[in-house]
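Here is the structure we will look at.
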Amino acid sequence: MAEYTTVNEIISKENLVYTKTKVLTDNVMHYCPGCGHSTAHRLIAEVIEEMDIQSKTIGIAPVGCSVFMYNYIDVDTQEASHGRAPALATAIKRLWPDRFVFTYQGDGDLAAIGTAETIHACNRGENITMIFINNGIYGMTGGQMAPTTLLGMKTSTTPYGRDQALMGNPIQITDLIASLPGTYYVSRQAVHTPSYVRKAKKAIRKAFEYQQLNKGTSFVEIVSNCNSGWKMTPVQANRWLDDNMLPVYPLGDIKIPEEK
Amino acid sequence: MAEYTTVNEIISKENLVYTKTKVLTDNVMHYCPGCGHSTAHRLIAEVIEEMDIQSKTIGIAPVGCSVFMYNYIDVDTQEASHGRAPALATAIKRLWPDRFVFTYQGDGDLAAIGTAETIHACNRGENITMIFINNGIYGMTGGQMAPTTLLGMKTSTTPYGRDQALMGNPIQITDLIASLPGTYYVSRQAVHTPSYVRKAKKAIRKAFEYQQLNKGTSFVEIVSNCNSGWKMTPVQANRWLDDNMLPVYPLGDIKIPEEK
Amino acid sequence: MTEEIIIAGFGGQGVLSMGKILCYSGVMQDKEVSWMPSYGPEMRGGTANVTVIISDERISSPILNEYDTAIILNQQSMDKFEPTVKPGGILLYDGNGITRHPERKDISIYRADGAEEAAKMETTRTFNMIMLGAYLKIKPIVEMENVLKGLKKSLPPRYHHLLPLNKKAIQRGMEIIREVNLVNA
Amino acid sequence: MTEEIIIAGFGGQGVLSMGKILCYSGVMQDKEVSWMPSYGPEMRGGTANVTVIISDERISSPILNEYDTAIILNQQSMDKFEPTVKPGGILLYDGNGITRHPERKDISIYRADGAEEAAKMETTRTFNMIMLGAYLKIKPIVEMENVLKGLKKSLPPRYHHLLPLNKKAIQRGMEIIREVNLVNA
Amino acid sequence: MEDEFVLMKGNEAIAEAAIRAGVDGYFGYPITPQSEVMEYLTTAKPWERTGMVVLQAESEVAAINMLYGGAGSGKKVMTSSSSPGISLMQEGISYIAGAELPTVIVNVVRGGPGLGTIQPSQSDYFQATKGGGHGDYHLIVLAPASVQEMADFMELAFDLAFKYRNPTMILSDGAIGQMMEKVKFKPQKKRMTEFPDWATTGKTQDRERNIITSLDLDPYRQEKFNEKLQKKYEDIRQKEVRYEEISCDDAEYLFIAYGTSARICQKSVQLARAEGIKAGLLRPVTLFPFPEKTILSYADKVKGMLSVEMSAGQMVEDIRLSVNGKVPVAHYGRMGGVIPNPQEVVEALKQKIIGG
Amino acid sequence: MEDEFVLMKGNEAIAEAAIRAGVDGYFGYPITPQSEVMEYLTTAKPWERTGMVVLQAESEVAAINMLYGGAGSGKKVMTSSSSPGISLMQEGISYIAGAELPTVIVNVVRGGPGLGTIQPSQSDYFQATKGGGHGDYHLIVLAPASVQEMADFMELAFDLAFKYRNPTMILSDGAIGQMMEKVKFKPQKKRMTEFPDWATTGKTQDRERNIITSLDLDPYRQEKFNEKLQKKYEDIRQKEVRYEEISCDDAEYLFIAYGTSARICQKSVQLARAEGIKAGLLRPVTLFPFPEKTILSYADKVKGMLSVEMSAGQMVEDIRLSVNGKVPVAHYGRMGGVIPNPQEVVEALKQKIIGG
Amino acid sequence: MAKVRGAIVVDTERCKGCEICVVSCPTHVIALSPKVNSKGYHYAYMADPDACTGCMNCGIVCPDGVITVYRKKFETSEV
Amino acid sequence: MAKVRGAIVVDTERCKGCEICVVSCPTHVIALSPKVNSKGYHYAYMADPDACTGCMNCGIVCPDGVITVYRKKFETSEV
Ligand SMILES: Cc1ncc(C[n+]2csc(CCOP(=O)(O)OP(=O)(O)O)c2C)c(N)n1
Ligand SMILES: Cc1ncc(C[n+]2csc(CCOP(=O)(O)OP(=O)(O)O)c2C)c(N)n1
Ligand code: SF4
Ligand code: SF4
Ligand code: SF4
Ligand code: SF4
Ligand code: SF4
Ligand code: SF4
Ligand SMILES: [Mg+2]
Ligand SMILES: [Mg+2]
């Protein structure tokens, strides 16, 4: 069979069906192999490209593994102090109402130290898009417990597993947020399989579209992995995510616009 | 009719049915006439007296009009920095598990600057009692908007009324808290009529009793007045409270133990 | 000329606005002025006071421990501020609710029962203007013309219809003032 | 005697624990030691290194810019640390994955293909012990007896059954080391 | 209001001056003794006048980070607070300094430490001038001594902030914030329509993306950046020193004081001279940069200096560092919200310097 | 572990020493380069060993306020963090100082400002010693220079904190936190069973209620309280100065350095002496109280002093204030996470002091 | 037949004249005095003492805990 | 009859060898190479190129956006 001929025949510009978006820079992402942050970045960049809003978008990077988001997503970006991205976004959006403003935050950032800023930006219904990467751990600092860490899950500060009596329950911050009248669209997604990726991208796109329509806060949680923190291979981590994270953080839209 | 004779006959020790509890000091409270803080203090003191736990109770005063709570309720008390009473309480209770620890906080304290501490103490299910005085305003600093200020309500920072588009909705912090698994008992009460006072006291008593039983966080909101901030007489303020606050913050238990 | 005044009483008696009108009057007369209120939650307790300085020179400290003149509108303020009048200075007070009258012999003491008088006018809000009038009678540091200008400046336009009434109150104050004790300063 | 060493490679190669064992060996021999790792999120990138100092005297700076010895376990580390070896110093490296071999003429260069060798043992985890052995062959700054003691100290008891294997690996390292370039220091 | 004097509180003057300076955004949280700033703004509705955004944040932590965002996107933004609130902002301020963002922060100081009191104080001098946050950074610090300066320094603060891409602090106190004096305002300025080229305004095709960050994990690059900062501070030290000299020409003794204390010392100068003591007042207007050269130049001329502060003695260290032992320097201060009176300051001069 | 040396990171030594010192509670939030403190504690499970409470807080703001609560109720409580986290604690620290609560705060400093870098630095000296929060207060500040001192200073820090009812800070840096050295621990101490009589432990019938507060709205009472604080600081200055002198006896030049910088200067002393330069090292162990008298006493003996710091020059001000112009004082520093090497320090001495 | 009669004692110096007790008394016993206490407050007093049933409403609603309530059962003949 | 065939190009220097694409390919086209790139990662490659349908799964799931996917319709005869 003319195997190689075929491959070479196929690989040509007019047959191109998928390639890295231009809104991602050429910098190699510093994330660990298989880390969902990379995928989430890519989806945001693809949405920005598809909506053709690169010149009108301002991103906010958190403190967390994604602190260097600005090296990868090719839009004007501010790096916020730990947990305060929603405060930055609030000011930027109010001062630049026609720009697309999004925050990108980890679970420690958004749901621990930044709880007040998160809740109040959403309660005010700031017209921004928040992307929330829930990997159940503090990735950047070496795998400590996050507020979303599952019960029994081992981290470097819960080496014997998270104990409810001592550390409480994994916080359902996205549900709290959905209950606030200021949020317009709240969804929980994942990015570790092709079909999840497709759905997640749709959700992110919706979130940006609602921002365009001035609807208030749009919020997309992405249940993600941290294979380094979880001390697994990427493939193991994704399996563990399916088996353990998704039952606690079930995927799907949590709050959808009523008109629909 | 022997009017005065009768009165004098009645006023004697054996006929005493109600007098100020000894757990309130003799200091005249600095609160404005008719302020619900005074009533709430009194109820807490009465519960402490009735449960005979004065020697085992540690209170936490907030920053807000009730900052001087320690001058009135005769228990060991710490004055917290603005919004952080739940953090203090967390540490005290964990270090002194057999003490009764309660926080007393205003709406600015608990639901604005202290949002993160409030949510996380409740999410961890700290075994403490939180008393939350919601008067829809920053009393102490001269009547600025609070997160719980009603839409359209005039305050010194919303002199034309709170506008949802600018300032968001009054936050339903108590409902958020009730949705956290760490809270055991969550109730909303008022203290401006005798029957509300009776119910509020029962709720406060329950809250302390559940603490005794190690059940997790017990939380009592008291929808209260701030006649100075609202610029009304005390009686007008209470009427306004009935007509405007209660529809937005309806009274009653929000989360009750399932066994019951 | 430098005149250092404390005005003290309950919140609601118009203490702060009385000071403000006095200051604006000074501004109208090209004087330097400063107005320094007591502030903060002690207002919960119901008292209010303001330090007013009117001077021909740049004003240094806006907060003082001693005053040329004390205008005192309730008992608590009497207790607090009677001792702070400079020897030879002036104490003006409203007799309403005063249970312990001023006792110093080294200051000039005046009384104007403004509250009583205000009750007879269209609105008791004129109280502070009556007391202002009484003060200006003793110490005409600003001309009447500038007082009226100052009054106008410090009132929002929607209250300008009240100007005549306020003028009347100031004049009334000038009439009802009584000497209680006089010293040569 | 003061020996200043950098050990550098990928995370997972046992760089840090190799340094730790070396230090513990020093402690067993009553020496002063310091162990200073690279730290932080650059670990995301997958590299890891540690500066180890073993000395007879109190150790001053635990962080260095120049080293007596560099033990290099991947290409990135080669690029970074080859230039930092003091003239006359020693560079020891594992050949696996090295695309550009060390070129300096003013230092002594040794190679030990520990990865290859480890693949032949029960577990590839012995890699770092093989390299340690190779190093100790060149610079026997601690006695074998103390190395074994150090090894025991730095391993949690549940791993103590692995001690003989580790000893074997160290010895293997001593055998497989090759000279590439020699200078007189 | 342009041509005539109005009577206003210092806090209100700040607010009105901010509107007139064309400020784009105010973000703050209530605290005594400066709540009038936001109250004035929300009453004046500048969003109708100039489009200015005014937002009551959920906390000072949020407010300072709103400043970061707003300034990072090229806008003129400010906040105001008082001591405890400013302490809460320290992380944010360090970030703003590290990201080199032009912002204006007003501290209407009250007595500390802790919840302290709400009365005027100057005990946040160290925090303001040496850096209360972490890392080697400096704010430009302006110290108004009158309601008029509260107004005037607003525009100046933004000019300096933008000129140097550096946060500026207006270090005031409860007395100046709460008192009314007459004040004249400048005419309304237009809000900016051109934005700095480093700001995150949206990456247009003709340029690379802009990044606002204070992070550089490589210590050598981080050091380079710190050197750049230090050069900037040196530049500011050279060019932006401001002070006022009152009766200094023939002075044998110098009061050195800023803000409310300087108001008091002005009177003390008169009292001292009335007693035949040739006193003068040097009033630093900028606390960073500190007028160290000027002070040093007086070291040969005067017999002693008295630092008068409403604190336990903070600025006195900068005075001592300026004169480096060349002349006796003493400190007189009141604490916890107490304002010294002019006569006691003269007595202190006699005791600590003339007699001492 | 008592009798023998173990190899440990500085961060881990802090944690182990805390357990052994009988600490009642640790409250913290992860941040590089000190996360090992909490990681060690959660692994060691001291709640089983001594009953010690260990809690990961939701933020540094929460953590410092947990300290307030814990210390206010009479317990030995501590936290650790690194620069940005410490900045976030400034309001809380000022409250703790104002309420006079004995607490221990560990700052494992990294390069700033802002997010900066995670490499070691000493640029939080001003914040630690002059008060990064508002108001006139001081922390007692201890500067360990080895893993052994990280361990030893834990008990000392609590002793001083309780002796003076004052917060103590252990000012370390990323290098000392991350490096391993050999360390010997003291035996396990019992946790306290008697509590200070001012603590809120529950009002028993034999006493008035206890109140922990930093508030007094009356400025005159607040001033009295501030005077009491200042007296306490003066007392500490008299009694608690600690420092180490290395080769100072015959020194003509003095390096003054603490922490990691002191480690480097120790080598620099050797290098300088090898070149015939009689250098010595004075290492302040307490940064507040600063060994100003000792330094002054060297002013007559040496020809110059060089402050070596991993900062733009902070401690150098305290040295200058100590000698008040009596001897030349220069600064040499590296910033942003860079550690100077011993040879460059010697060069700096030659250029800035010997040659200059 | 027994009748229940009540009486209250107001700590007039501590009363702030807020009127909450006045509007809370089911039998309209209480009014504010035209006189003021030393703080300047018109304090509460029993304007219609006969009507008092000792129901305690005023006592438990008074913010400042200023009211002490007494109650006694009388035989109707007694009254 | 038309058949859809696909092919992928892996940017091997950027590939981190995470294997996510491997487990996501419905037709098991991809494997990790025994060789490593300069970063030391075993990179992904088309081990069974014939099986590729150009479904894009690998491309959209690859975290690092390392895979470019091509797809072409062939007449069956062509293949
Ligand atoms: C004020 C402050 N506290 C703590 C840190 C340390 N820190 C950096 S990232 C991080 C948490 C990261 O976790 P998460 O937000 O879940 O992001 P991830 O790395 O998991 O994506 C922490 C605690 C910091 N930089 N600043
Ligand atoms: C950090 C800080 N920010 C702001 C303040 C000023 N402040 C004091 S009380 C208060 C709000 C009080 O409102 P609330 O909590 O509703 O209590 P209330 O007085 O209404 O009972 C504020 C903002 C402060 N003391 N500290
Ligand atoms: S540490 Fe975790 S979150 Fe961070 S890059 Fe690695 S896998 Fe991703
Ligand atoms: S200001 Fe409001 S909350 Fe405060 S005491 Fe007065 S009425 Fe009560
Ligand atoms: S409720 Fe209490 S304070 Fe109010 S008027 Fe009645 S007795 Fe007085
Ligand atoms: S006890 Fe009842 S009836 Fe008597 S005065 Fe009070 S409220 Fe009225
Ligand atoms: S998913 Fe991407 S990075 Fe991972 S192995 Fe496949 S091509 Fe490489
Ligand atoms: S395009 Fe589809 S079939 Fe082809 S390699 Fe990728 S996942 Fe497999
Ligand atoms: Mg995370
Ligand atoms: Mg309130």
Side-chain angles (χ1 to χ4, degrees), chain A residues 1-43 45-46 72-73 190-201 224-225 227 232-239, chain H residues 3-27 29-30 32 36-74 76 78-79:
Chain A
M1 244 172 48
E3 184 179 302
Y4 290 103
T5 328
T6 312
V7 166
N8 285 339
E9 246 178 84
I10 301 169
I11 297 175
S12 84
K13 229 179 161 182
E14 70 275 15
N15 297 333
L16 179 81
V17 288
Y18 185 83
T19 192
K20 185 176 80 62
T21 162
K22 298 244 149 40
V23 178
L24 274 190
T25 66
D26 285 336
N27 298 326
V28 175
M29 298 198 236
H30 70 290
Y31 300 111
C32 304
C35 175
H37 275 306
S38 321
T39 324
H41 281 16
R42 191 161 46 74
L43 298 188
E46 288 177 2
Y72 314 125
I73 304 184
V191 294
H192 59 290
T193 72
S195 71
Y196 287 146
V197 167
R198 286 192 178 89
K199 285 188 205 147
K201 184 163 160 193
S224 186
N225 57 23
N227 48 74
M232 298 175 192
T233 68
V235 170
Q236 282 171 338
N238 288 348
R239 214 168 292 142
Chain H
K3 188 173 187 248
V4 172
R5 282 284 307 270
I8 65 170
V9 176
V10 175
D11 186 340
T12 51
E13 264 308 298
R14 298 168 63 103
C15 172
K16 293 176 181 164
C18 69
E19 255 187 303
I20 307 281
C21 57
V22 175
V23 298
S24 299
C25 173
T27 54
V29 173
I30 316 175
L32 292 195
V36 298
N37 62 17
S38 75
K39 301 255 170 49
Y41 293 125
H42 295 273
Y43 50 81
Y45 79 111
M46 287 222 274
D48 183 4
D50 278 353
C52 178
T53 62
C55 72
M56 302 199 307
N57 269 10
C58 57
I60 63 173
V61 87
C62 169
D64 288 79
V66 159
I67 303 179
T68 303
V69 183
Y70 299 86
R71 186 168 52 209
K72 195 178 171 180
K73 244 192 215 159
F74 290 90
T76 13
E78 265 188 79
V79 186

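Numbers restart at 1 for each chain; the letters A, B, ... are given by sequence-line order, proteins then strands. Every heavy atom of this structure was used, including side-chain atoms; hydrogens, water molecules and symmetry mates were not.
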Check: chain A heavy atoms under 4.5 Å from H:Cys15: which part of the residue, side chain, backbone, both or neither?
Finding: neither

Next item on the list: Please flag which part of A:His37 lies under 4.5 Å from any non-hydrogen atom of chain H: side chain, backbone, both or neither.
Entry: neither

Note to self: A side-chain contact here means heavy atoms from C-beta on lying under 4.5 Å apart; do H:Pro63 and A:Tyr31 qualify?
What the structure shows: no

Margin query: A:Asp26 vs H:Arg14, test: side-chain contact (heavy atoms from CB on, under 4.5 Å). Steps then yes/no.
Written below: CA-CA 10 Å; A:Asp26 285 336; H:Arg14 298 168 63 103; 4.2 Å; yes

Next item on the list: Give, for atom SG of H:Cys18 and atom CG of A:Asn225, the distance between the pair rounded to the nearest 0.5 Å.
Entry: 9.0 Å

Item checked: Minimum heavy-atom distance between A:Pro194 and H:Val61, given as atom pair plus value -> N-CG2, 3.6 Å

Notebook entry, point to check: What are the two closest heavy atoms between A:Val7 and H:Pro49, and how far apart are they?
Noted result: CG2-CB, 3.8 Å

Item checked: A:Ile11, part contacting chain H, at a heavy-atom distance under 4.5 Å -> both

Item checked: Main-chain N/O of A:Tyr18 paired with H:Arg71 side-chain donor or acceptor, under 3.5 Å -> no

Notebook entry, point to check: Any idea which of A:Val197, A:Asn238, A:Asn227 has the most non-hydrogen atom pairs under 4.5 angstrom with chain H?
Noted result: A:Val197

Next item on the list: Name the member of H:Val66, H:Asp11, H:Val23, H:Asp64 that forms the most heavy-atom pairs with chain A at distances under 4.5 Å.
Entry: H:Asp64

Notebook entry, point to check: H:Lys16 and side chain to side chain contact (heavy atoms under 4.5 Å, CB included): which partner among A:Pro33, A:Cys35, A:Pro234?
Noted result: A:Pro33

Check: To the nearest 0.5 Å, how far apart are OG1 in A:Thr19 and CD1 in H:Ile8?
Finding: 12.0 Å

Notebook entry, point to check: Which atoms form the tightest heavy-atom contact between H:Arg5 and A:Ile10, and what is the distance?
Noted result: CB-CD1, 3.7 Å

Checklist line | Within-4.5 Å side-chain heavy-atom neighbours: A:Thr233 and H:Glu19 | finding: no

Checklist line | Pairs of heavy atoms under 4.5 Å with chain H: top-ranked of A:Thr39, A:Thr193, A:Val17, A:Val235 | finding: A:Val17

Next item on the list: Let me know if A:Ser195 has heavy atoms under 4.5 Å from chain H in its side chain, its backbone, both or neither.
Entry: neither

